[in-house]
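Heavy atoms only: backbone and side chains are in, while hydrogens, waters and symmetry mates are out. Every number for a ligand or one of its atoms is a count from 1 in the order of the listing. Everything numeric here is computed off the predicted structure, so don't read it as measured data.
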Amino acid sequence: MANIVENIKDVLEFYHALGFESLPVNLTVKNKPVAMGRKVKDQTRSDKEDLLRKLREEIGDCKRCKLSGKRTNIVFGEGSPDAKLMFIGEAPGREEDIQARPFVGDAGMVLTRLIEKMGFRREDVYIANIVKCRPPMNRDPEADEMEECKGFVERQIEIIHPQVIMSLGRISAMALTGDAKLKITAIRGKFFDYKGILLIPTFHPAYLMRNPKDKWLTWSDAQKVLEILRAKS
Ligand code: SF4
């Protein structure tokens with residue numbers, strides 16, 4: 001009980017430090033907090049590296065869903081195992097499929113610029129996708145594919161245990177909030193709870209390439225993330 005009271009106190013102090021007089025109205029709690037007792041919190045960078053390596057080994061030459069048929073490579077994800085900030089997109093594209101790395105095509109350049117503008121290097125954060133194989137013709141991943149693959153990114157999040165997740169685009173936000181009807185224009189920049197971790201959805205970099213006028217909205221979402229990271233440091 002004392003722990004619960006302490007946790008609530010921490011949360012209230014955290015939001016107060018951000019200037020909130022009350023909890024954000026759009027903070028939605030859809031999932032039970034992840035089992036993040038001392039064990040997960042106290043893991044060292046090398047523990048996390050090891051766990052991520054084991055997870056990649058477990059995925060192996062995965063054929064759990066139909067996306068395995070046309071992929072060149074599984075795109076596991078990359079970055080710091082100890083990242084405070086994670087970016088999660090929906091699926092690899094053509095260049096990512098070839099290089100086996102997330103966000104390395106044109107949209108990746110937009111994401112990299114955002115990361116750098118926020119004062120980080122790519123290797124300081126962690127970047128992954130909801131599904132790890134490229135959907136044909138870059139179509140949206142289908143529900144059965146996401147269902148099959150989502151457990152892997154969930155475990156990456158659990159291992160890394162970032163302070164904030166920025167989800168990129170509608171599909172990723174849908175998968176992480178469990179809300180299949182959300183509109184990214186309506187929920188971007190708002191705060192959600194993902195198993196005890198703050199989740200802030202924003203636009204997908206590919207959308208920003210088509211709609212550069214909306215880049216400032218993503219920048220304002222990024223500024224909220226920076227404020228939160230500053231308040232937590
Ligand atoms: S998308 Fe995920 S579940 Fe499907 S084959 Fe690739 S790694 Fe396996």
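- Within a 6.0 Å sphere centred on CE of M109, other residues, nucleotides and ligands contribute 12 heavy atoms or fewer.
- Within a 6.0 Å sphere centred on NZ of K70, heavy atoms belonging to other residues, nucleotides or ligands number 12 at most.
- Under a 3.5 Å cut-off, the side chain of E96 and the backbone N or O of G105 do form a donor-acceptor pair.
- The neighbour count for R53 CZ, taken as heavy atoms of other residues, nucleotides or ligands under 6.0 Å away, is above 12.
- The number of protein N/O/S atoms found under 2.8 Å from atom 6 (Fe) of ligand 1 is 1.
- Taking a cutoff of 4.0 Å between a charged side-chain nitrogen and a carboxylate oxygen, R101 and E78 qualify as a salt bridge.
- Counted within 6.0 Å of CG on D50, heavy atoms from surrounding residues, nucleotides or ligands total more than 12; the atom is thus considered enclosed.
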